[in-house]
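The next block holds one structure in the form of structure tokens; read it before the comments.
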Amino acid sequence: PPSAGERRRGKASVTTRVLPIYVLSLMQPTAPLMFEGGGSYAASKHAAAALQHGDSVLLQYSVSGSQLQMTCNDPTPSILAGLATSLAGVPPPSVRYSPEHGGEVQEEVVWANGWTPYGPMGQSVFISQVTVDHAARNAVVSRLNVAMERGGRALGLMDEFSQTYLFDALGQSLESGPPKGAILDRVYRG
């Protein structure tokens, strides 16, 4: 890691984040298990969990008139989905935010197919370029948000300092707040 002097000189610091991933590997569960919402993984910003068992789980979706089944033999797609959700903030492709529905998260499984680790329609062990781009966009947006918050706090401290200790161009104190009107009006009208 860089020293304190390097950080002060503007060199970027590199941080490491450790994310525990729990794989719940069950030989013969008493009932087909899935996480809340019918998924084979669960993720938060602190940890990710994936299921592994040999049972077929009947899902609420049907394809060509037959009910879709999902097996959790290979936990790799679930681990990838948990990592992408926990570390990069990438939601499943079937989930979207809808301001028209009162800010609720809506689910549309039409977009859940394809080259994605998010089940049940996509069980790929690779992450698509769309998901990688989504993760990169989330990283940029979160860093911009942090920079804007820090800049806003710094400007607030500067305003507080200037109102307490500084005077305006005419020598009047700024303790009671910024003077009303333009400086030329105050020069000519006294």
Side-chain angles (χ1 to χ4, degrees), residues 12-150 152:
S13 65
V14 177
T15 59
T16 302
R17 182 170 168 205
V18 176
L19 181 75
I21 298 177
Y22 302 100
V23 178
L24 307 174
S25 184
L26 308 168
M27 288 295 284
Q28 294 178 345
T30 56
L33 292 176
M34 298 300 272
F35 284 109
E36 185 177 339
S40 61
Y41 78 96
S44 73
K45 64 181 181 178
H46 302 294
L51 285 175
Q52 179 183 22
H53 58 76
D55 290 349
S56 291
V57 179
L58 291 175
L59 301 172
Q60 62 185 354
Y61 311 110
S62 62
V63 176
S64 301
S66 62
Q67 195 168 4
L68 189 63
Q69 296 183 20
M70 182 174 172
T71 60
C72 297
N73 290 334
D74 183 13
T76 307
S78 300
I79 292 170
L80 284 174
L83 278 171
T85 301
S86 294
L87 294 178
V90 177
S94 61
V95 174
R96 65 180 175 85
Y97 173 76
S98 175
E100 293 86 23
H101 293 94
E104 295 179 13
V105 173
Q106 300 292 313
E107 184 172 12
E108 181 57 59
V109 294
V110 170
W111 301 108
N113 294 324
W115 200 25
T116 176
Y118 297 95
M121 280 59 152
Q123 286 289 305
S124 173
V125 294
F126 300 102
I127 293 181
S128 69
Q129 188 61 43
V130 172
T131 305
V132 171
D133 292 345
H134 194 165
R137 186 196 70 210
N138 284 352
V140 168
V141 168
S142 66
R143 287 182 180 129
L144 283 174
N145 186 42
V146 168
M148 288 177 54
E149 287 175 359
R150 287 180 182 171

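These numbers come from the heavy atoms of this one structure, side chains and all, not from hydrogens, waters or symmetry mates.
Distance check: Ser56 OG to Leu68 CG gives 10.5 Å after rounding to the nearest 0.5 Å. A distance of 11.0 Å separates CZ of Arg150 from CG of Asn145, quoted to the nearest 0.5 Å. Interatomic distance, CD of Gln67 versus CG of Leu59, reported as 7.5 Å (0.5 Å rounding). Atom CG of Asp55 is separated from atom CE of Met70 by 13.0 Å, given to the nearest 0.5 angstrom. Taking NE2 of His46 as the start and CG of Leu19 as the end, the distance is 10.0 Å to the nearest 0.5 Å.
Using modelled atom types, no side-chain atom of Thr85 and backbone atom of Ala43 make a donor-acceptor pair closer than 3.5 Å. Using modelled atom types, one side-chain atom of Ser86 and one backbone atom of Ser44 make a donor-acceptor pair closer than 3.5 Å.
Other residues, nucleotides and ligands contribute more than 12 heavy atoms inside 6.0 Å of the CZ atom of Arg17.
Between Ala50 and Ile79, the closest heavy-atom pair is CB-CG1, 3.9 Å. Listed here is the closest heavy atom pair of Gly89 and Pro91: O-CD, 3.3 Å. Of all the heavy atoms in Pro92 and Tyr41, the pair that sits closest is CG-OH, 3.3 Å.
The side chain to side chain donor-acceptor pair (under 3.5 Å) check on Thr131 picks up Ser128, with sequence neighbours excluded. Legend: residues meeting side chain to side chain donor-acceptor pair (under 3.5 Å) with His53, ordered by chain and number and at least two apart, are absent.
By the 4.5 Å heavy-atom criterion applied to side chains, Val57 and Thr71 are not counted as neighbours. A 4.5 Å side-chain heavy-atom check between Cys72 and Met34 finds at least one atom pair inside the cut-off. Taking the side chain as every heavy atom from C-beta outward, Tyr118 and Leu80 never approach each other to under 4.5 Å. Considering only heavy atoms from C-beta on, Gln52 stays 4.5 Å or farther from Ser78 through its side chain. Contact of the Phe35 side chain with the Leu51 side chain is registered, since non-hydrogen atoms from C-beta on lie closer than 4.5 Å. Looking only at side-chain heavy atoms (C-beta outward), Thr116 and Ser124 stay at 4.5 Å or farther from each other.
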| query | Would Ile127 and Val132 satisfy side chain to side chain contact (heavy atoms under 4.5 Å, CB included), going step by step from the backbone distance to the final call? | reply | CA-CA 7 Å; Ile127 293 181; Val132 171; 3.9 Å; yes

